[in-house]
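Structure first, then comments.
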Amino acid sequence: MTAKTDEYINEVGLVATSDPKVERPVYRKRGFGGTATPQQMDNAIAASLRYVRLEKRLSRAELSLLLGSMEQVYGRYERALTKLHATQVLHLCEILEVFPDDLLFDAAPHLWGSSEEEARERRRVMKLVQKLSPETLKTVGTLLDSISALQNLDT
């Protein structure tokens, strides 16, 4: 590692961990309950995917048809046996009419805040903003711009 890399690791708060599929150390942020394994993260995404599918009242067969896939292949996503690529997550979001964070939040809530409470509140507010009409969204954006300027936050 270089001094610059070490500085970045410390600045961002990364910790060395392992991934059974990678020989070298993998650096990640520590979550609220420690550093989740890749399998734990895959399981959380799979559970979110299943939850959203059921919420939309779609069977695995119906959703796999919309994906241009086979039910057995799609089933492996929900059982976390096959990893989803970013493009597949986006495709699922299009079909299920959800935002990517609907599928990803439970896998890494620490990316939304420095405490569980902050992360859940940020997620709650984001969900409210996602439901706003375009006119109201513009007004809220202006309000947030003003608050940000008052707090000297970067946009």
Side-chain angles (χ1 to χ4, degrees), residues 8 12-15 17-22 24 26-149 151 153-155:
Y8 184 80
V12 176
L14 301 176
V15 294
T17 186
S18 61
D19 182 335
K21 297 179 181 177
V22 179
R24 299 193 293 190
V26 174
Y27 290 84
R28 305 250 331 276
K29 280 198 169 207
R30 179 171 273 122
F32 301 130
T35 306
T37 66
Q39 188 61 52
Q40 289 169 323
M41 293 173 68
D42 289 338
N43 289 344
I45 294 168
S48 295
L49 179 57
R50 183 174 194 276
Y51 175 82
V52 170
R53 176 183 59 79
L54 292 172
E55 190 176 58
K56 300 292 181 170
R57 296 186 181 125
L58 290 169
S59 68
R60 283 184 177 175
E62 291 166 326
L63 185 53
S64 62
L65 180 68
L66 297 173
L67 288 168
S69 184
M70 296 176 59
E71 184 178 353
Q72 298 88 330
V73 172
Y74 173 77
R76 289 193 288 252
Y77 298 144
E78 281 194 12
R79 292 190 307 276
L81 299 174
T82 300
K83 292 181 185 283
L84 288 162
H85 297 283
T87 53
Q88 292 167 312
V89 170
L90 294 173
H91 188 193
L92 284 161
C93 289
E94 289 173 343
I95 291 170
L96 296 169
E97 294 189 303
V98 296
F99 289 90
D101 58 323
D102 291 321
L103 299 180
L104 303 177
F105 178 81
D106 288 336
H110 59 282
L111 296 177
W112 277 259
S114 57
S115 69
E116 286 185 61
E117 182 180 349
E118 179 188 346
R120 298 242 176 252
E121 183 63 13
R122 190 175 306 275
R123 173 90 166 107
R124 184 186 75 77
V125 169
M126 288 171 62
K127 295 298 292 175
L128 290 172
V129 168
Q130 290 168 346
K131 294 177 184 176
L132 296 176
S133 69
E135 299 81 19
T136 305
L137 180 61
K138 188 169 184 165
T139 302
V140 169
T142 301
L143 177 62
L144 291 175
D145 286 339
S146 299
I147 292 170
S148 179
Q151 293 185 352
L153 297 175
D154 293 329
T155 55

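It should be emphasised that the depicted structure is a prediction, and the values quoted were computed from it without experimental measurement.
Once rounded to the nearest 0.5 Å, the distance linking OG of Ser114 with CZ of Arg122 reads 8.0 Å. One distance of note links CZ of Arg60 with CG of Leu67; it measures 13.0 Å at 0.5 Å rounding. Once rounded to the nearest 0.5 Å, the distance linking CG of Asp106 with CD of Gln40 reads 13.0 Å. Summarising the geometry, atom CD belonging to Gln151 is positioned 10.0 Å from atom CG belonging to Leu144; distances are rounded to the nearest 0.5 Å. With rounding to the nearest 0.5 Å, the separation of CG in Asp19 from CD in Gln39 is 10.0 Å. Here the CG atom belonging to Leu63 is positioned 5.5 Å from the CG atom belonging to Leu96, to the nearest 0.5 angstrom.
Ionic pairing of Asp101 and Lys127 is not present here: no N-O contact between side-chain nitrogen and carboxylate oxygen is shorter than 4.0 angstrom. Using a 4.0 Å cut-off between charged side-chain N and carboxylate O, Glu121 and Arg124 make a salt bridge. At a threshold of 4.0 Å, the pair Arg123-Asp102 counts as salt-bridged, since one of the basic side-chain nitrogens sits closer than that to a carboxylate oxygen. By the 4.0 Å N-to-carboxylate-O rule, Glu116 lies too far from Arg120 to be salt-bridged with it.
Under the 3.5 Å distance criterion, with hydrogens and angles disregarded, a donor-acceptor pair is assigned to the side chains of Glu62 and Ser59.
Contact of the Pro100 side chain with the Leu90 side chain is registered, since non-hydrogen atoms from C-beta on lie closer than 4.5 Å. With a 4.5 Å cut-off on side-chain heavy atoms, Val73 and Thr82 do not count as touching. Contact check for Val15 versus Lys29: no side-chain heavy atoms found under the 4.5 Å cut-off. Looking at heavy atoms from C-beta onward, Lys21 lies out of side-chain contact with Pro38 at the 4.5 angstrom threshold. By the 4.5 Å heavy-atom criterion applied to side chains, Pro109 and Phe32 are counted as neighbours. At least one side-chain heavy atom of Trp112 sits less than 4.5 Å from a side-chain heavy atom of Met126. Side-chain contact between Ser18 and Val22: absent, with no pair of heavy atoms (C-beta onward) separated by less than 4.5 Å. Residues Tyr74 and Leu92 form a side-chain contact, since some pair of their non-hydrogen atoms from C-beta on lies under 4.5 Å apart.
Counting all heavy atoms, side chain and backbone alike, Gln88 lies closest to Tyr77 at NE2-OH, 2.8 Å. Of all heavy-atom pairs between Ala80 and Asn43, the closest is CB-OD1, 3.1 Å. Closest approach of Gln72 and Arg79 over heavy atoms only: O-NH2, 4.4 Å. Nearest heavy-atom pair, Leu58 versus Arg53, reported as atom, atom and distance to 0.1 Å: O-NH1, 2.8 Å. Heavy atoms only, all atoms of each residue included: Cys93 and Leu103 are closest at SG-CD1, 3.9 Å.
For Arg50, the CZ atom is loosely surrounded, since the number of other residues' heavy atoms within 6.0 Å does not exceed 12. Residue-environment remark: NZ (Lys56) exceeds the threshold of 12 foreign heavy atoms within 6.0 Å. Surrounding CE of Met70 are at most 12 heavy atoms belonging to other residues, nucleotides or ligands under 6.0 Å away.
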